[in-house]
Amino acid sequence: MPDMLTSYFWSDNVIRSRSVSDIVLSGVVDVPEPPLRLLADWEREIASRLVLEPGDVEPLPLARARARWPDYTRCVRAIADWTGALGLPEALAASDVALMACRGARYHHDANQYGSAAFCNLFLSEDKGLDVHFPALDLRIPLTRGTAVIFDTGQPHGVIQRGSSGFSEADFAPDQDCVQIFLTWELPIEDAHVGRALQVAFDIAPSTSLQLDAEQIRLNGEQVTVCPDSGRWCRVD
């Protein structure tokens with residue numbers, strides 16, 4: 001029997017169950033390079049406030065960035081056109097957006113906090129020799145300016161050095177330019193277009209849902225987490 005991976009997520013004030021999609025939608029859209037003064041602002045913010053360690057993923061101030069980013073609306077229009085072509089009309093308009101920075105990313109899933117969402121990420125940095133890696137799917141996507149990815153928050157993923165087999169802090173030494181900046185949207189997984197695009201099945205374990213009071217991932221009935229170095233599923237002790 002194949003492994004059964006289930007995400008339990010909040011829907012209003014009840015926990016629902018759903019399958020975890022193994023579909024990752026990706027492409028490259030045409031977005032302009034951010035202006036130099038905005039890039040410099042991000043560098044200062046990352047160095048002085050975020051102090052990103054290898055594997056860290058942290059938010060940047062979006063409102064301040066937009067004030068210095070005349071092409072922000074062009075970037076949003078490009079990703080909206082791309083999602084629209086995938087059968088997700090108006091998906092971004094109804095979704096929360098954040099600006100993020102990462103110095104690589106340890107393997108993780110996000111369904112303990114965002115089980116009711118899929119992520120849509122638009123990468124804004126140049127190619128720095130990094131891939132977003134979905135180990136369970138044996139899928140690596142090179143990160144370059146304009147890389148767009150939509151994936152299930154329950155699917156393990158990390159940002160690793162191209163050519164490496166897993167996440168290693170040594171690949172992100174302080175003297176290396178390996179920070180990626182990206183916009184991310186939370187697409188509601190219960191939206192009919194999103195669920196259909198990712199082929200998510202809902203209410204697959206209703207009896208277990210009734211017993212839970214927190215979002216989580218279960219593999220064959222056991223709660224699991226992700227090994228940060230390899231991306232493999234591990235039991236929660």
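The figures that follow rest on heavy atoms only: side chains count, while hydrogens, waters and symmetry mates do not.
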J.: Quick one: closest heavy-atom pair of P206 and I204, and the distance?
T.: CD-C, 3.6 Å
J.: Checking side-chain polar atoms at under 3.5 Å, does S21 have a donor or acceptor matched by the opposite partner on Q199?
T.: no
J.: Going through the checks in order, is the salt bridge (Lys or Arg N to Asp or Glu O under 4.0 Å) test met by R145 and D127?
T.: CA-CA 7 Å; R145 176 159 45 94; D127 190 340; over 6 Å; no
J.: Can R103 and D56 be counted as an ion pair, charged N to O under 4.0 angstrom?
T.: no
J.: Scan D213, I217, L212, N112 and name whichever one has a side chain to side chain contact (heavy atoms under 4.5 Å, CB included) with Y8.
T.: L212
J.: Report the distance from atom CD of Q155 to atom CG of L137, rounding to the nearest 0.5 Å.
T.: 4.0 Å
J.: Could you walk me through whether S116 and E190 pass side chain to side chain donor-acceptor pair (under 3.5 Å), step by step?
T.: CA-CA 7 Å; S116 61; E190 291 173 292; over 6 Å; no
J.: Angle between ring planes, F172 versus F167, binned at 30° and 60°: parallel, tilted or perpendicular?
T.: parallel
J.: Applying side chain to side chain contact (heavy atoms under 4.5 Å, CB included) between V20 and each of L198, T153, L219, D152, report the one that passes.
T.: D152
J.: Going through the checks in order, is the salt bridge (Lys or Arg N to Asp or Glu O under 4.0 Å) test met by E45 and R64?
T.: CA-CA 11 Å; E45 180 80 8; R64 190 172 78 195; 2.7 Å; yes
J.: Does a side chain donor of either D203 or S17 reach within less than 3.5 Å of an acceptor in the other side chain?
T.: no
J.: Under 3.5 Å, is there a donor-acceptor pair linking the side chains of H133 and H157?
T.: no
J.: Is the shortest side-chain N to carboxylate O distance from R106 to E169 below 4.0 Å?
T.: yes
